[in-house]
Amino acid sequence: MAKRSGTSIKTVSRVFNDEPFVRDGTRERVLKAAAELDYHPNMAARSLVRGRSFLIGLFYENPSPNYVVDLQTGALDRLHDERFRLLLFPCESARAMSGKLLQVARTSGLEGIVLAPPLGDDPRTVAELREGRMPFTRIAPTTALDASPMVGIDDVAAAQAMTQHLLSLGHRRIAFVQGDPGHASTGQRLCGFRAALAEAGVAFEPALLEQGMYTFESGLAAGRRLFAGRMRPSAVFAANDDMAAGVCVAAKEHGLDIPGAVSVAGFDDSLISRVTWPQLTTIHQPTYDMAHAATDALIALIDGQAHERAIDLPHRLLVRGSTGLAPQG
């Protein structure tokens, strides 16, 4: 490699270890030689030599496969051509991991951690990571906001925007299917929903509030209850797309046309929102971008580089075919 690029072995090593003070022309010659020789650095050997693992972990607890795919892809894409590698840690629940996460991280040789919700809101987990001096970043936390770098959106404003959209179509009997009570986003999205109703002078109806768990199955069950009840809604806002898809199936089971008889809206803009028919009106939550940014901040934190403490990303209301004017009569 050194001979092919016309440099020394030490220079080649510095290039592949991303060390500073290597001239751009020299770096280009080394990388060109590597491509010609089809050379790829051995990450395991590099870790042994430098006494580092170059491993970071993504810990998440979310039943929605669509959300999880976006989360993983965002982190993995940030690490493309990086010296760090990603390990995935699906967790049964934030409560189950409380008090154990640092031990898992150390046993796995992690140099840093990205926490997806609701893990980032567990006070014991946050405290032990700080006390253990483990670098970590969080996606969409709502507590201890100064504890680590964080990335998120305004869930309250996003849910408010969706509810305002339904109200603008003439809907007044709007049901809300809330998510897992263990997730902070559940309360925030319900808060946005209720705020929009109050702003429009529409009374909140407890009978139109259903409990879901951010799963398709829980959305289907909630939809069945809503459409079988005496106060059938003209619109249903589910707190994520998986549950909204379940509501759509329940509507079809009851012979209700979407959006002629009932409008259905979701939240996330995940894949399922684009493969249902009609396609779901939803809130675009930039899950991929949040994971990408949180991973980027973690690398900067590990390397001792400057990084933003709080990154707020924008949401977008996406109006599609599942919402329409409220039925007359």
Let me check something: do [X] and [Y] share a hydrophobic cluster, defined by ILVMFWY side-chain heavy atoms less than 4.5 Å apart, either directly or through other members?
| X | Y | result |
| --- | --- | --- |
| Leu298 | Met150 | no |
| Leu190 | Met162 | yes |
| Ile174 | Leu209 | yes |
| Tyr288 | Leu115 | no |
| Tyr60 | Tyr214 | no |

[X] [atom1] to [Y] [atom2] distance, which is reported to the nearest 0.5 Å:
| X | Y | atom1 | atom2 | result |
| --- | --- | --- | --- | --- |
| Leu58 | Leu76 | CG | CG | 8.0 Å |
| Ser168 | Leu325 | OG | CG | 8.5 Å |
| Asn240 | Asp269 | CG | CG | 12.5 Å |
| Leu102 | Thr107 | CG | OG1 | 9.0 Å |
| Ile113 | Leu129 | CD1 | CG | 5.0 Å |
| Asp70 | Ser270 | CG | OG | 7.0 Å |

Kindly say whether [Y] contributes a backbone atom to a donor-acceptor pair with the side chain of [X] at under 3.5 angstrom?
| X | Y | value |
| --- | --- | --- |
| Glu111 | Ile56 | no |
| Arg309 | Asp146 | yes |
| Glu210 | Gln178 | no |
| Gln285 | Ile153 | no |
| His171 | Gly324 | yes |
| Arg172 | Leu167 | yes |
| Thr287 | Tyr67 | no |

Check against side-chain contact (heavy atoms from CB on, under 4.5 Å), Val249 and Phe216: CA-CA 10 Å; Val249 172; Phe216 172 87; 3.8 Å; yes
Of [options], the residue whose pairing with [X] passes side chain to side chain contact (heavy atoms under 4.5 Å, CB included):
| X | options | result |
| --- | --- | --- |
| Leu280 | Val275, Thr323, Val247, Asp241 | Asp241 |
| Phe267 | His284, Arg189, Met243 | Arg189 |
| His165 | Leu318, Ile283, Thr281 | Thr281 |

Heavy-atom pair of closest approach, residues [X] and [Y]:
| X | Y | answer |
| --- | --- | --- |
| Gly260 | Pro327 | O-CB, 3.8 Å |
| Gly99 | Thr125 | N-OG1, 4.4 Å |
| Gly120 | Thr143 | O-OG1, 4.5 Å |
| Leu87 | Ser108 | CD1-O, 4.3 Å |
| Ala238 | Ala244 | CB-N, 3.5 Å |

Donor-acceptor pair between Asp121 and Thr142 side chains, under 3.5 angstrom: yes
Whether Phe59 and Phe89 hold their rings parallel, tilted or perpendicular, with breakpoints at 30° and 60°: parallel
Parallel, tilted or perpendicular: rings of Phe193 and Phe204 (30°, 60°): perpendicular
Whether over 12 other heavy atoms sit under 6.0 Å from Lys252 NZ: yes
side-chain contact (heavy atoms from CB on, under 4.5 Å) between Asp180 and Glu61, worked out: CA-CA 11 Å; Asp180 187 336; Glu61 180 246 306; 4.1 Å; yes
Geometric cation-pi criterion, Arg83 with Phe54: 6.0 Å, 45°: no
Derivation of the side chain to side chain donor-acceptor pair (under 3.5 Å) call for Glu128 and Gln103: CA-CA 10 Å; Glu128 71 170 351; Gln103 180 183 354; over 6 Å; no
Residues Glu205, Arg173: salt bridge by 4.0 Å N-O rule: no
Stepwise side-chain contact (heavy atoms from CB on, under 4.5 Å) check, Phe176 with Arg194: CA-CA 9 Å; Phe176 187 77; Arg194 296 191 64 168; over 6 Å; no
Working for side-chain contact (heavy atoms from CB on, under 4.5 Å), residues Val177 and Gln211: CA-CA 6 Å; Val177 182; Gln211 181 64 58; over 6 Å; no
